[in-house]
Amino acid sequence: MASYKGHLAVSTALGIAYGGAGFWHLHLDWGPACLAGGLTALGGLLPDLDSDSGVPVRELFGVAATVTPFLALGRLSGHGFTTDQSLVVMAASYLLVRYVVRFLFQRLTVHRGMFHSVPAMLIAGLGVYLLHHGPDQRTRLYLAGGTMLGFLSHLVLDEIYAVNFMGVRFKLNKYAGSALKLFSPSWAATLATYIILAGMGLAAWMDKA
(Lines give C-alpha, C1' and ligand atoms only; values in the text may rest on other atoms or scores of the structure.)
Protein backbone atom coordinates (compact mmCIF):
# COMPACT_ATOMS: atom_id res chain seq x y z
CA MET A 1 0.00 0.00 0.00
CA ALA A 2 1.04 3.59 -0.51
CA SER A 3 2.18 5.41 2.61
CA TYR A 4 0.31 8.18 4.40
CA LYS A 5 2.87 10.71 3.17
CA GLY A 6 2.61 9.34 -0.36
CA HIS A 7 -1.16 9.77 -0.43
CA LEU A 8 -0.83 13.26 1.02
CA ALA A 9 1.77 14.29 -1.55
CA VAL A 10 -0.31 13.08 -4.51
CA SER A 11 -3.62 14.50 -3.30
CA THR A 12 -1.98 17.84 -2.42
CA ALA A 13 -0.49 18.10 -5.91
CA LEU A 14 -3.90 17.30 -7.38
CA GLY A 15 -5.50 19.87 -5.06
CA ILE A 16 -3.15 22.61 -6.27
CA ALA A 17 -3.91 21.74 -9.89
CA TYR A 18 -7.66 21.46 -9.26
CA GLY A 19 -7.85 24.72 -7.35
CA GLY A 20 -5.78 26.47 -10.02
CA ALA A 21 -8.03 25.13 -12.76
CA GLY A 22 -11.09 26.44 -10.94
CA PHE A 23 -9.56 29.87 -10.49
CA TRP A 24 -8.02 30.33 -13.93
CA HIS A 25 -10.31 28.34 -16.20
CA LEU A 26 -13.65 28.29 -14.40
CA HIS A 27 -13.17 31.88 -13.17
CA LEU A 28 -14.17 31.02 -9.62
CA ASP A 29 -13.34 33.29 -6.71
CA TRP A 30 -10.12 32.44 -4.89
CA GLY A 31 -12.11 31.31 -1.82
CA PRO A 32 -13.91 28.34 -3.44
CA ALA A 33 -10.80 27.55 -5.49
CA CYS A 34 -8.60 27.30 -2.39
CA LEU A 35 -11.30 25.41 -0.48
CA ALA A 36 -11.62 22.92 -3.33
CA GLY A 37 -7.86 22.44 -3.36
CA GLY A 38 -7.88 21.73 0.37
CA LEU A 39 -10.80 19.31 0.06
CA THR A 40 -8.99 17.49 -2.74
CA ALA A 41 -5.94 17.08 -0.50
CA LEU A 42 -8.14 15.93 2.38
CA GLY A 43 -10.08 13.59 0.09
CA GLY A 44 -6.86 11.77 -0.69
CA LEU A 45 -6.59 10.81 2.98
CA LEU A 46 -10.23 10.02 3.76
CA PRO A 47 -10.13 6.30 2.88
CA ASP A 48 -7.64 5.79 5.70
CA LEU A 49 -10.23 6.83 8.27
CA ASP A 50 -10.93 3.11 8.66
CA SER A 51 -7.29 2.38 9.46
CA ASP A 52 -6.29 0.84 12.76
CA SER A 53 -3.08 2.89 13.00
CA GLY A 54 -2.95 5.58 15.66
CA VAL A 55 -1.47 8.94 14.77
CA PRO A 56 -2.70 9.30 11.13
CA VAL A 57 -6.25 8.41 12.16
CA ARG A 58 -6.24 10.90 15.02
CA GLU A 59 -4.96 13.57 12.65
CA LEU A 60 -7.51 12.72 9.98
CA PHE A 61 -10.47 12.83 12.34
CA GLY A 62 -9.15 16.05 13.82
CA VAL A 63 -9.01 17.67 10.37
CA ALA A 64 -12.37 16.22 9.31
CA ALA A 65 -13.97 17.42 12.53
CA THR A 66 -12.61 20.92 11.93
CA VAL A 67 -13.62 21.15 8.26
CA THR A 68 -17.15 19.79 8.67
CA PRO A 69 -18.59 22.66 10.77
CA PHE A 70 -17.15 25.31 8.45
CA LEU A 71 -18.63 23.60 5.40
CA ALA A 72 -22.01 23.69 7.15
CA LEU A 73 -21.71 27.38 8.08
CA GLY A 74 -23.53 28.60 4.96
CA ARG A 75 -26.37 26.17 5.57
CA LEU A 76 -26.72 27.35 9.15
CA SER A 77 -26.86 30.98 8.05
CA GLY A 78 -29.40 30.13 5.38
CA HIS A 79 -31.67 28.55 7.97
CA GLY A 80 -31.70 31.67 10.11
CA PHE A 81 -29.33 30.64 12.89
CA THR A 82 -27.82 33.50 14.83
CA THR A 83 -24.06 33.79 15.25
CA ASP A 84 -24.21 32.34 18.76
CA GLN A 85 -26.47 29.49 17.68
CA SER A 86 -24.20 28.72 14.73
CA LEU A 87 -21.17 28.57 17.01
CA VAL A 88 -22.94 26.12 19.31
CA VAL A 89 -23.98 23.88 16.42
CA MET A 90 -20.48 24.05 14.91
CA ALA A 91 -18.91 23.07 18.24
CA ALA A 92 -21.36 20.18 18.59
CA SER A 93 -20.54 19.06 15.03
CA TYR A 94 -16.85 19.11 15.83
CA LEU A 95 -17.31 16.95 18.92
CA LEU A 96 -19.65 14.60 17.07
CA VAL A 97 -17.18 13.92 14.27
CA ARG A 98 -14.05 13.94 16.45
CA TYR A 99 -15.32 11.49 19.03
CA VAL A 100 -18.66 9.83 18.20
CA VAL A 101 -18.06 9.21 14.49
CA ARG A 102 -14.49 8.14 15.17
CA PHE A 103 -15.69 5.65 17.80
CA LEU A 104 -18.27 4.23 15.38
CA PHE A 105 -15.69 3.94 12.61
CA GLN A 106 -13.35 2.02 14.84
CA ARG A 107 -16.14 -0.30 15.94
CA LEU A 108 -17.94 -0.88 12.65
CA THR A 109 -15.30 -0.73 9.91
CA VAL A 110 -12.33 -2.81 8.90
CA HIS A 111 -9.31 -1.48 7.05
CA ARG A 112 -9.75 -1.60 3.27
CA GLY A 113 -13.38 -2.62 3.69
CA MET A 114 -16.26 -0.79 1.98
CA PHE A 115 -14.82 2.59 2.93
CA HIS A 116 -12.09 1.79 0.40
CA SER A 117 -14.51 1.66 -2.53
CA VAL A 118 -16.08 3.63 -5.35
CA PRO A 119 -19.45 3.94 -3.52
CA ALA A 120 -17.62 5.42 -0.52
CA MET A 121 -16.01 7.96 -2.86
CA LEU A 122 -19.48 9.01 -4.04
CA ILE A 123 -20.69 9.24 -0.43
CA ALA A 124 -17.78 11.56 0.42
CA GLY A 125 -18.64 13.81 -2.52
CA LEU A 126 -22.33 13.87 -1.65
CA GLY A 127 -21.46 14.70 1.94
CA VAL A 128 -19.57 17.82 0.87
CA TYR A 129 -22.34 18.76 -1.56
CA LEU A 130 -25.00 18.52 1.15
CA LEU A 131 -22.94 20.34 3.79
CA HIS A 132 -22.01 23.27 1.56
CA HIS A 133 -25.37 24.92 1.05
CA GLY A 134 -25.61 27.81 -1.36
CA PRO A 135 -27.38 29.12 -4.44
CA ASP A 136 -24.46 28.41 -6.79
CA GLN A 137 -24.79 24.78 -7.84
CA ARG A 138 -21.58 24.98 -9.84
CA THR A 139 -19.55 25.75 -6.72
CA ARG A 140 -21.17 22.93 -4.77
CA LEU A 141 -20.47 20.45 -7.57
CA TYR A 142 -16.93 21.77 -7.90
CA LEU A 143 -16.20 21.23 -4.20
CA ALA A 144 -17.76 17.78 -4.25
CA GLY A 145 -15.77 16.92 -7.36
CA GLY A 146 -12.50 17.90 -5.69
CA THR A 147 -13.26 15.68 -2.72
CA MET A 148 -14.01 12.73 -4.98
CA LEU A 149 -10.90 13.38 -7.07
CA GLY A 150 -8.70 13.22 -3.98
CA PHE A 151 -10.54 10.12 -2.74
CA LEU A 152 -10.09 8.45 -6.14
CA SER A 153 -6.36 9.22 -6.13
CA HIS A 154 -6.05 7.25 -2.90
CA LEU A 155 -7.86 4.24 -4.34
CA VAL A 156 -5.85 4.29 -7.57
CA LEU A 157 -2.56 4.68 -5.72
CA ASP A 158 -3.37 1.71 -3.50
CA GLU A 159 -4.12 -0.38 -6.57
CA ILE A 160 -0.86 0.66 -8.23
CA TYR A 161 1.05 -0.34 -5.12
CA ALA A 162 -0.70 -3.71 -5.20
CA VAL A 163 1.15 -4.55 -8.43
CA ASN A 164 4.73 -5.72 -8.41
CA PHE A 165 6.32 -4.35 -11.57
CA MET A 166 9.66 -6.10 -10.99
CA GLY A 167 10.50 -8.84 -13.44
CA VAL A 168 8.93 -9.90 -16.73
CA ARG A 169 5.46 -10.53 -15.36
CA PHE A 170 3.34 -8.29 -13.20
CA LYS A 171 2.44 -9.82 -9.86
CA LEU A 172 -0.43 -8.85 -7.59
CA ASN A 173 -0.15 -8.83 -3.84
CA LYS A 174 -2.91 -9.65 -1.34
CA TYR A 175 -4.32 -6.10 -1.50
CA ALA A 176 -4.95 -6.12 -5.26
CA GLY A 177 -8.54 -5.28 -6.12
CA SER A 178 -9.38 -4.23 -2.57
CA ALA A 179 -9.49 -0.46 -3.22
CA LEU A 180 -11.26 0.19 -6.54
CA LYS A 181 -14.23 -2.02 -5.78
CA LEU A 182 -18.01 -1.84 -5.84
CA PHE A 183 -18.68 -4.65 -3.37
CA SER A 184 -16.98 -6.32 -0.42
CA PRO A 185 -17.08 -9.88 0.92
CA SER A 186 -19.38 -8.64 3.68
CA TRP A 187 -22.90 -8.36 2.29
CA ALA A 188 -24.00 -6.39 5.36
CA ALA A 189 -21.29 -3.75 4.82
CA THR A 190 -22.06 -3.60 1.11
CA LEU A 191 -25.81 -3.24 1.71
CA ALA A 192 -25.31 -0.57 4.37
CA THR A 193 -23.00 1.39 2.05
CA TYR A 194 -25.48 1.38 -0.81
CA ILE A 195 -28.37 2.32 1.50
CA ILE A 196 -26.36 5.33 2.71
CA LEU A 197 -25.43 6.21 -0.87
CA ALA A 198 -29.05 6.02 -2.03
CA GLY A 199 -30.26 8.11 0.90
CA MET A 200 -27.64 10.81 0.37
CA GLY A 201 -28.25 10.77 -3.38
CA LEU A 202 -31.96 11.36 -2.79
CA ALA A 203 -31.22 14.13 -0.30
CA ALA A 204 -28.88 15.81 -2.81
CA TRP A 205 -31.51 15.56 -5.56
CA MET A 206 -34.15 17.16 -3.34
CA ASP A 207 -31.69 19.83 -2.17
CA LYS A 208 -30.49 20.94 -5.59
CA ALA A 209 -33.25 23.51 -6.09
Side-chain angles (χ1 to χ4, degrees), residues 1-20 31-73 87-132 142-162 175 178-181 184 189 193 196 200:
M1 291 183 294
S3 66
Y4 176 85
K5 292 182 179 179
H7 284 304
L8 179 60
V10 171
S11 63
T12 298
L14 284 174
I16 293 172
Y18 190 76
C34 290
L35 179 58
L39 288 173
T40 304
L42 177 60
L45 302 177
L46 286 180
D48 275 344
L49 286 176
D50 63 7
S51 175
D52 295 326
S53 57
V55 176
V57 172
R58 287 199 301 270
E59 291 180 353
L60 282 174
F61 270 102
V63 173
T66 303
V67 171
T68 299
F70 285 100
L71 283 175
L73 183 58
L87 288 174
V88 171
V89 174
M90 290 172 68
S93 300
Y94 173 86
L95 295 174
L96 178 67
V97 175
R98 183 70 185 267
Y99 298 105
V100 178
V101 175
R102 178 184 171 186
F103 174 80
L104 291 176
F105 255 82
Q106 291 177 328
R107 291 288 183 177
L108 301 177
T109 64
V110 295
H111 189 43
R112 293 179 74 92
M114 273 307 287
F115 203 68
H116 264 77
S117 69
V118 175
M121 176 192 73
L122 298 176
I123 288 173
L126 286 169
V128 170
Y129 179 87
L130 290 169
L131 281 172
H132 191 274
Y142 176 68
L143 296 177
T147 306
M148 290 189 289
L149 175 63
F151 201 109
L152 180 62
S153 75
H154 185 115
L155 302 184
V156 171
L157 205 58
D158 276 352
E159 289 298 342
I160 292 175
Y161 270 73
Y175 294 112
S178 64
L180 281 168
K181 61 178 177 288
S184 79
T193 300
I196 294 171
M200 293 182 69

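Scope of the values below: all heavy atoms of this structure, side chains included, with no hydrogens, waters or symmetry mates.
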For A124 and F151 the tightest heavy-atom approach is CB-CD1, 3.9 Å
Answer whether the closest heavy-atom distance between the side chains of L155 and E159 falls below 4.5 Å. no
Show me, pair by pair, the donor-acceptor contacts under 3.5 angstrom made by side chains of residues 87-101, not counting sequence neighbours?
{"from": "S93", "atom 1": "OG", "to": "V89", "atom 2": "O", "distance (Å)": "2.9"}
{"from": "Y94", "atom 1": "OH", "to": "R98", "atom 2": "NH1", "distance (Å)": "2.6"}

Could you pull out all residues at least two apart from F105 that satisfy ring-ring contact (aromatic ring centres under 6.0 Å, His included)? F61, F115
Determine the minimum heavy-atom distance between H116 and P47, stating which atoms define it. CE1-O, 3.0 Å
What residues, two or more places apart in sequence or in another chain, satisfy side-chain contact (heavy atoms from CB on, under 4.5 Å) together with L152? M121, V156, L180
Contacts of type side-chain contact (heavy atoms from CB on, under 4.5 Å), residue L71, not counting sequence neighbours: L35, L39, V67, V128, L131, H132
Looking at every non-hydrogen atom in both residues, tell me the closest pair between A189 and S184 and how far apart they are. CB-OG, 4.1 Å
Spell out, as yes or no, whether a donor-acceptor pair under 3.5 Å connects the side chain of K181 to the backbone of P119. no
Return the set of residues passing side-chain contact (heavy atoms from CB on, under 4.5 Å) with L130 (not counting sequence neighbours), or none when no residue passes. M200, A203, A204, D207
Would you say the side chain of L46 lies within less than 4.5 Å of the side chain of L60, judging by non-hydrogen atoms? no
Between the main-chain N or O of A65 and the side-chain N or O of T68, is there a donor-acceptor pair closer than 3.5 Å? no
Assess whether side-chain contact (heavy atoms from CB on, under 4.5 Å) is satisfied between V63 and L42, documenting all intermediate values. CA-CA 8 Å; V63 173; L42 177 60; 3.7 Å; yes
Criterion side-chain contact (heavy atoms from CB on, under 4.5 Å) on H7 and D158, from CA distance to verdict: CA-CA 9 Å; H7 284 304; D158 276 352; 3.0 Å; yes
Mind checking side-chain contact (heavy atoms from CB on, under 4.5 Å) for T40 and listing every partner two or more places apart, or none if nothing turns up? L14, Y18, L149
Please report the closest heavy-atom contact between S11 and A41, naming both atoms and the distance. OG-O, 2.9 Å
May I ask you to decide if G113's main-chain N or O and S117's side chain share a donor-acceptor pair within less than 3.5 Å? no
Report yes if some heavy atom in the side chain of M148 is under 4.5 Å from a heavy atom in the side chain of L122; otherwise report no. yes
